[in-house]
Amino acid sequence: MTGRRPVLAGLALAILGGPVLAREFSGEFGGVEEIELYGLIGKMTAHPGKRNELINLLTAGTADMPGCLAYIVAEDVKDENGIWITEVWQTKGYHADSLKLPAVQAAIAKGRPLIAGFDTHVETRPVGGMGIAG
């Protein structure tokens, strides 16, 4: 499961999180439980000429990441080496758990040599929008 989310997360691009209230069914209590969404937005800089290779790594095999509601990788149009990553997780715990997977650790090792550095990284409070129940 080598993918964009694991590399981004594993390389600590944006290990920051923000809460927002959402509702999730709680089977144990038979009711509705409030949870906090966790949002990350960060900019990564690839080594010159390595952006496409890094994007391919970041976007490969990202299915089956429990708790991830959105994962978007975008090229920075003003920086030929810049990559922006936006993530929304059901909880901060899901994000943290993803970093422990062996496949994630392997992706981190593979991606590290392609990265020149990290720039902006912020935590967000997802409150709604397309793809997110507000």
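These numbers were taken from a predicted model, which means no experiment stands behind them.
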Those residues that, when tested against Asp79, pass side chain to side chain donor-acceptor pair (under 3.5 Å) (two or more places apart): Lys43
Is any side-chain heavy atom of Met44 less than 4.5 Å from a side-chain heavy atom of Ile115? yes
Please examine the side chains of Val88 and Cys68, heavy atoms only from C-beta on, and report whether any two atoms are closer than 4.5 Å. no
Going by the angle between their ring planes, with limits at 30° and 60°, are Trp89 and His95 parallel, tilted or perpendicular? perpendicular
Report yes or no: does His47 contribute a side-chain atom to a donor-acceptor pair with the main-chain N or O of Leu114 at less than 3.5 Å? no
Looking only at non-hydrogen atoms, find the nearest pair between Trp84 and Thr120 and report the distance. CH2-CB, 3.9 Å
With sequence neighbours left out, the residues meeting salt bridge (charged side-chain N to carboxylate O under 4.0 Å, His left out) with Lys100 are Asp97
Under a 3.5 Å distance rule, please check whether Arg51 uses its side chain to pair with a backbone N or O of Glu75 as donor and acceptor. no
Out of curiosity, Tyr94 OH to Leu69 CG, how far, rounded to the nearest 0.5 Å? 9.5 Å
State the CD-OG1 distance between Glu87 and Thr124, to the nearest 0.5 angstrom. 9.5 Å
Which residue is it: Leu54, Thr86, Leu57, Thr59? I am looking for the one with a side chain to side chain contact (heavy atoms under 4.5 Å, CB included) to Val73. Thr59
Working to the nearest 0.5 angstrom, can you tell me the gap between Gln90 CD and Glu36 CD? 13.5 Å
Supply the atom-to-atom distance Ile83 CD1 to Thr45 OG1, rounded to the nearest 0.5 angstrom. 8.0 Å
Applying side-chain contact (heavy atoms from CB on, under 4.5 Å) to Glu80 and not counting sequence neighbours gives none
Those residues that, when tested against Ala96, pass side-chain contact (heavy atoms from CB on, under 4.5 Å) (two or more places apart): none
